[in-house]
**Q** 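Sending over a structure as structure tokens; questions will come in a sec.
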Amino acid sequence: MTDKSMASLTQEQAAAEAAELRPQLIAWGKQYYDADTPKVEDDVYDRAYARLVALETAFPAIVTPDSPTQRVGGSTKSDLPKVVHDIPMLSLGDVFSIEELQEFDERLRGNVADDFDYNCELKIDGLAISLRYENGEFVQGSTRGNGQIGEDITANLKTITSIPQTLSRPLTIDVRGECYMPKAAFLALNERREAAGQAPFANPRNAAAGSLRQQNTQVTADRKLATFMYNIADYEPLNTRTQSGLLDELAELGFTTNPTYQVAHNMTDVGDYIEQYQGQRSELPYGIDGIVIKVNTLPLQRSLGATVKDPRWAIAYKFPPEEVEAKVLDIEWTVGRTGIVTPTAVMTPVALAGSTVARASLHNPDYLTAKDIRLGDTVLLHKAGDIIPEISQYVVAKRPADAEPYVIPTHCPSCGAELVHLDEEVALRCINPRCPAQLAEGMNHFASRNAMNIAGLGPQIVAQLFDRKLVDDVASLYRLTNDQLLTLDKFGEKSAQNLLTAIDNSRNNSLERLLFGLGIRHVGAKAARSIAAEFGDIGSLMTADSESISAIDTVGGIIADSVVTYFASDQVRELIDELRAVGVNLTYTSGAETAIDTEGQFAGQRIVLTGKLQELSRPEATAWLEQHGATVTGSVSKKTDLLIAGEAAGSKLTKAESLNVPVWNEAQLQAAMAETK
Ligand code: IVH
């Protein structure tokens, strides 16, 4: 295998290399499923596969339909144990027009003497799974694999709440269906991945497949996967003898089934069903890519049987891709927190599959070049996995005569440093550690809710702080003064004070918030928490080696290596010293903090704070009271249990007195705080 970087390859060279890799990978993949033949070393396969993915990502035009990369959940190699499907898991024949669907119907009716109905179902865009129950207990779950042999993913499937562990009857059955990731869970997952500096998933199906085929059950559990079951290998143990009845019976047994199915007597009914769900597609909380019609009588299904690949009793009607034209007005390059510079096509806003779309990611320069998209082009837009706007191609006939090939920038749009490709990466990067765009993105992340949670420090203020050179790293935030903040747009005494207080309070955060906020590659909020809890303070973590970090239950080698690399940097060590110097807490304090007192004198009390406190800050007092079980509210009523009044208390004090609500001053609160310690 040649190992040239993408930038130096032509499309022809990439195509030639990919054409060599594909049959090799397919052969290795087959050997993997055949226990008798020796198999190639895992990493040889993995490296070759990764190279093919890189080639095809850089030059999408060279992808062939039979490429091993195009077989979702197919017979690709993995370390998961194999499962033989006693009754094969079939796939479905596809049709793309109503006419072809009519032909399917006519063919079938020509071969079947009796009249029959169809059951119409949505074609869920996920991956097929098979669940085995013995005497009503879930014993094994697998992927479809190549239809004959799948992969054992029992442990991961056990984390999915819609899969029952025990059925309502003690049946021994293999139930088949679809595992998918709901659109909302997919968007949230990608947001989290981007916050942790990881590549987002391209669509919900890839996200679901990736979640099921990786080996950490905790990861699967966090991914919010769902299932719809719709088939059974052998219907004999069931009471019903129809497909629609089967869905009802599966639901009674404890499975989640899709409620949208409809029995159709003829093709007019089928057409109505298609029309209805094609229209509602964008409103569904999960992706669908068509509908499936199935002969509704189970014994008739059985007697019709299957070809090598597909059942004769069912067919999938694929929705025509929902595509619209839009004009490319600009290609915007943005610098992310990790320095990756990403192109986005900015287009005339168009309505597409339920939303208005004006932007689509072009991922990286190679992708943009391979698609040959130019300013002023009219492009075809669709939604990948029913959700992510994607440009499929430009419209040749509509290209303006003077459109020039797009020239990829060579310098960072933010700091002007020269852009580079690291190793084999297709991504273009700015590697200037002081690039303002990266620093600003990093500070936004630092201030975000799951990180240091600095309320009021949003992207617009961060941008101004950098523009006015009031900050240059996250430590310098803690040196900001009231006067400096007053120079910001629309900032008055009150907003300046609030922001300073929020920044000040964040000094006391427990270590996991800082660890996540630093934006260490691959370190999400959860990993940050486990690491902080294990090491207790940043000093111990900074001297830890990769083995001791990856020894933590939910932390893998990639995260551990990333942490070690991060703290090996002199610049990072300087930053940590700075943070220490400005009084940011570098220890883990959550263990003690999180348990809210439910028994002390403040537990369950409704408390109002008013007036100016001298010694304590308002957020500090509120946090302490809440920690001790109180609810701190804004206005006094009959339900208020206590008013704490500082200097110059006004109407709230008067109201409390008139309602006979007990009133304390600041000193009384401090005394209670001291006692409770
Ligand atoms: S029936 C023999 N019903 O589509 C039964 N499949 O393209 C074959 N799919 O592998 C499957 N929703 O992963 C069936 N309501 C549905 C489906 C469905 C999604 C998937 C399934 C199958 C693929 C075939």
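Values below: every heavy atom of this structure, side chains too, minus hydrogens, waters and symmetry copies. Order of appearance sets the numbers: ligands from 1, and atoms from 1 within every ligand.
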**Q** For ligand 1, is there an atom lying under 4.0 Å from some heavy atom of Asp310?
**A** no

**Q** Which class fits the ring pair Phe138 and Tyr133: parallel under 30°, tilted 30 to 60°, perpendicular over 60°?
**A** tilted

**Q** Yes or no on side chain to side chain contact (heavy atoms under 4.5 Å, CB included) for Gln243 and Asn296, after CA distance, side-chain angles and deciding distance?
**A** CA-CA 5 Å; Gln243 174 68 25; Asn296 200 31; 3.2 Å; yes

**Q** List ligand 1 atoms under 4.0 Å from Pro311, heavy atoms only on the residue side.
**A**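 Ligand 1 atoms under the 4.0 Å threshold to Pro311: 2 (C).
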
**Q** So is Trp313 in contact with ligand 1, going by heavy-atom distances below 4.0 Å?
**A** yes

**Q** Out of Leu92, Ile98, Val270, Asp94, which one pairs with Tyr317 under the side-chain contact (heavy atoms from CB on, under 4.5 Å) rule?
**A**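 With Tyr317 as partner, side-chain contact (heavy atoms from CB on, under 4.5 Å) holds for just one option, Ile98.
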
**Q** Relative to the ring of His363, is the ring of Tyr367 parallel (under 30°), tilted (30 to 60°) or perpendicular (over 60°)?
**A**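 Geometry flag for His363 against Tyr367: perpendicular rings.
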
**Q** How many angstroms lie between atom CG of Leu171 and atom CD of Glu137, to the nearest 0.5 angstrom?
**A** 11.5 Å

**Q** Identify the protein heavy atom lying closest to atom 3 (N) of ligand 1, giving its residue, its atom name and the separation to 0.1 Å.
**A**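 Of the protein heavy atoms, Lys294 NZ, 2.8 Å lies nearest.
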
**Q** At what distance is the nearest protein heavy atom to atom 13 (O) of ligand 1, and which residue and atom is it?
**A** Glu178 OE1, 2.7 Å

**Q** When you measure from atom 17 (C) of ligand 1 to every protein heavy atom, which one gives the shortest distance, and what is it?
**A** Tyr230 CE2, 3.4 Å

**Q** So does Thr369 get a backbone contact from the side chain of Asp366, meaning a donor-acceptor N/O pair under 3.5 Å?
**A**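 It does not hold such a pair.
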
**Q** Quick one: which ligand 1 atoms are inside 4.0 Å of a heavy atom on Val292?
**A**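 Heavy-atom distances to Val292 below 4.0 Å select 3 (N), 16 (C), 17 (C).
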
**Q** Show the atom names and distances, to 0.1 Å, of all donor-acceptor pairs under 3.5 Å that link a side chain in residues 190-197 to residues at least two apart or in another chain.
**A**
| residue | atom | partner | partner atom | Å |
| --- | --- | --- | --- | --- |
| Asn190 | OD1 | Phe201 | N | 2.8 |
| Asn190 | ND2 | Phe201 | O | 3.0 |
| Arg193 | NE | Ala199 | O | 2.8 |
| Arg193 | NH2 | Ala199 | O | 3.2 |

**Q** Heavy atoms only: which of Glu121, Arg144, Gln301, Lys318 lies closest to atom 15 (N) of ligand 1?
**A**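 When every heavy atom of Glu121, Arg144, Gln301, Lys318 is considered, Glu121 comes closest to atom 15 (N) of ligand 1.
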
**Q** Can you sort out which atoms of ligand 1 are near Asn231, meaning under 4.0 Å from one of its heavy atoms?
**A**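 So the atoms of ligand 1 that pass are 2 (C), 5 (C).
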
**Q** Which of the listed options, Ile124, Ile87, Asp94, Ile293, holds the heavy atom that is closest to atom 19 (C) of ligand 1?
**A**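 Comparing heavy atoms across Ile124, Ile87, Asp94, Ile293, the nearest one to atom 19 (C) of ligand 1 lies in Ile124.
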
**Q** Do me a favour and list the nearest non-hydrogen protein atom to atom 4 (O) of ligand 1 with residue, atom name and distance?
**A**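 The closest one turns out to be Lys123 NZ, 3.2 Å.
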
**Q** Of all heavy-atom pairs between Ala353 and Glu322, which one has the smallest distance, and what is that distance?
**A**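 Looking at all heavy atoms of both residues, the closest pair is N-OE2, 3.0 Å.
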
